[in-house]
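Beneath this line is the structure, given in structure tokens, with notes to follow.
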Amino acid sequence: MSINTNPQVLPPPDPPGPIKWLKDNLFGNLFNSILTIFSLLIVYFLLGGVIEWFFNTADWRPVTKAPLLYVIGSYPREEMWRVGLSVTVVFFLLGISWGKWGGLLKSVSLALGGIFFVLAILPVKHVQLDVAMRTYLGITVFVMALGYILGRAEKLKPNLIYILWLISPIIIVVLFAGIENSEVLKQVATTSWGGLMVTFLLAIGGILISFPIGVALALGRRSTLPIVSASSTIFIETIRGVPLITILFMFSIILGLFLPADARLDRLLRALMAVTVFSSAYTAENIRGGLQSISKGQYEAAHALGMNNFQTMFFIVLPQAIKVVIPAIVGQFISLFKDTTLVVIVGINDLLGIGRSVINSESDFLQLQLEVYIFIALIYWVFSYFMSVASRRVEASLGVSN
Amino acid sequence: MTEAIIKCTDVHKWYGEFHALRGIDMDVMPGEVIVIFGPSGSGKSTFIRTINHLEEHQRGTIVVDGIELSHDVRNIEEIRKETGMVFQQFNLFPHLTVLQNVSLAPVWVKKKSKDEAEKISMDLLDQVGIPEQADKFPGQLSGGQQQRVAIARALAMEPKIMLFDEPTSALDPEMIKEVLDAMTELAKSGMTMIVVTHEMGFARAVANRMFFFDEGSIVESGSPDDIFKNPKEDRTKLFLSQILQH
Ligand SMILES: Nc1ncnc2c1ncn2[C@@H]1O[C@H](COP(=O)(O)OP(=O)(O)O)[C@@H](O)[C@H]1O
Ligand SMILES: [Mg+2]
């Protein structure tokens, strides 16, 4: 028997709080205290140097000179409104969805709307942040708010919102690319597209198109027909066995050799195809994992009700499997978002590509490579960070509803 | 004389080497309530599942409402439309609301309009006593409520035969009665039922005939009176004494 069984003998516990935390975790004993102080000194010198460089030494001219370049590349400035309109459309849909469903959509809308709002009223002078640009930013925030109010309306059916989201990629691509022989929407060659616009186009396009392909491949792999399952498996494993860069080269060079000269596919389109093919193999494996998590009882219950295999798959199994793998797909999207930087190698001006061309555009920018790459890294980091925060919230909300 | 609605003749089933059903003969008349009982692993589930072809039998014949169960997919689908099944683990669809669980198959299998299917479904939920749960998800319901949804879901296909595989075994004791009550109601309405259960009170009150399974065969069958008052086989006596103890 220990003497501590009598509660009165125990010393009163330390009051919880920051002091206690410091004492417990950082200054528990002499060795810990020395370690803590030593680490603080290292952090101070390192971080101090970084902060000093960031605010004083660094020369941000390559970034501040033409920030729009990083957003849309060399997309003709007189046609720039079309990219802007696309963003406004997305903001509008985000607003509606926020009004309808709230939750994560609310956070996303508020974050993006907030950035636009801050930019619109930012108290700095810059040629590219002129009155027209500020007005555009303001209107876009306003349109999002309008969408929110619309979304709150009971009468607005969720189905309509789904349909709007479904057709929005088509609207955006038409806006970006233009229509043949059109006066208003002149065609804009994809060679002038660039920056974040291309990065997002490749990542979002890749994920969206790869999704149905991935589902088909996952189902194919489980098929009882040997030819179907073997070819799906070979496809998935081959793609997963090679790096994205190889697939990019395949599509950008080898495809050109096989196709007749006049059927030359657009370079950006070929990159998108490569990214899609790459992504679909991973989507397939994710979905397959989801399919495996569905119990036999679900199939049996559906079959016992007289549903055929297709109905069972479509109404019962797939919806549950997809729900299970949403977090994994979001994670896949984040990787793809970063992996798209590889398209620089096949000559596409995504965000990283723009950075490189900015460096090469003026002789005194050549010494400022570090600034450019750090700026780009920061952009990737910010987006990836917020996406992974979002994916954790998706995960949590899915966990609750199960 | 009326025809049997289910005719099983010399049904055999093997899982690999294992002989799970060893020649089952059973004819069920329309409106009859059959209770199957027997020790765990005796093939009760396997047998009841061969009737709607969730398990395939390898020898013998099963004829349901004049349709012979064979490899023909169309026959299988026909028979499944005539039989409803309730599982031990409920097997509700967790991503659909209660109302959607019940109305999905009528819309897509029976090609009913959505309005009509929902009306039928609401009536059935009313019948099993949980109309107020229609818009909830299965995960928000108690076990007893879930099993009643499962019964409504099977009934929504307007089956001629209902198969129950230990419908109350996964339930907490206080919920067993509500499910048995729903089943008793159903039996009174004239539904043909095959029920695998060890609820002997239910069997005594509702069953027309009882079958005792052991090691893949029917050891003994008869009316509840025969089975409870003077079982002939020692194995039946032993098993009954074991389960009636508590
Ligand atoms: N899918 C299967 N594969 C192999 N053996 C099985 C399978 N399903 C059931 N069995 C075996 O068949 C026998 C009968 O099982 P079952 O019909 O579930 O029994 P009961 O429902 O009477 O408890 C058991 O011995 C069980 O282990
Ligand atoms: Mg069983």
- Query: Can you pull the ring pair (Phe, Tyr, Trp, His ring centres under 6.0 Å) pairs that have at least one residue in residues 75-98 of chain B, sequence neighbours excluded?
  - Reply: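 The answer is none; no pair qualifies.
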- With chain A, which of B:Leu92, B:Leu96, B:Ile79 has the greatest number of heavy-atom pairs at distances under 4.5 Å?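 Maximum pair count with chain A is reached by B:Leu92.
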- Task: Please indicate whether A:Phe200 has more than 12 foreign heavy atoms, meaning atoms of other residues, nucleotides or ligands, lying under 6.0 Å from its CZ.
- Result: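 More than 12 within 6.0 Å, yes.
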- Query: Is atom NZ of B:Lys110 surrounded by more than 12 heavy atoms (other residues, nucleotides or ligands) closer than 6.0 Å?
  - Reply: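 Atom NZ in B:Lys110 is crowded, with more than 12 foreign heavy atoms closer than 6.0 Å.
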When only heavy atoms count and the cut-off is under 4.5 Å, which of [range] reach chain B?
{"range": "residues 145-166 of chain A", "answer": "none"}
{"range": "residues 276-299 of chain A", "answer": "A:Lys296, A:Gly297, A:Gln298"}
{"range": "residues 201-229 of chain A", "answer": "none"}

- Message: Go through it in stages, so that I can follow the logic: the residues are A:Leu305 and B:Arg153, the test is side chain to side chain contact (heavy atoms under 4.5 Å, CB included), and I'd like the CA-CA distance, side-chain angles, deciding distance and then a yes or no.
- Response: CA-CA 8 Å; A:Leu305 286 167; B:Arg153 179 178 70 176; 3.7 Å; yes
[atom1]-[atom2] distance between [X] and [Y], expressed to the nearest 0.5 angstrom:
{"X": "B:Leu54", "Y": "A:His303", "atom1": "CG", "atom2": "NE2", "result": "8.5 Å"}
{"X": "B:Trp108", "Y": "A:Phe310", "atom1": "CH2", "atom2": "CZ", "result": "9.0 Å"}
{"X": "B:Leu104", "Y": "A:Gln311", "atom1": "CG", "atom2": "CD", "result": "8.0 Å"}

- Item | B:Arg49, part contacting chain A, at a heavy-atom distance under 4.5 Å |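 The side chain, not the backbone.
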- Item | Minimum heavy-atom distance between B:Arg80 and A:Gly306, given as atom pair plus value |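 It is CB-CA, 4.0 Å.
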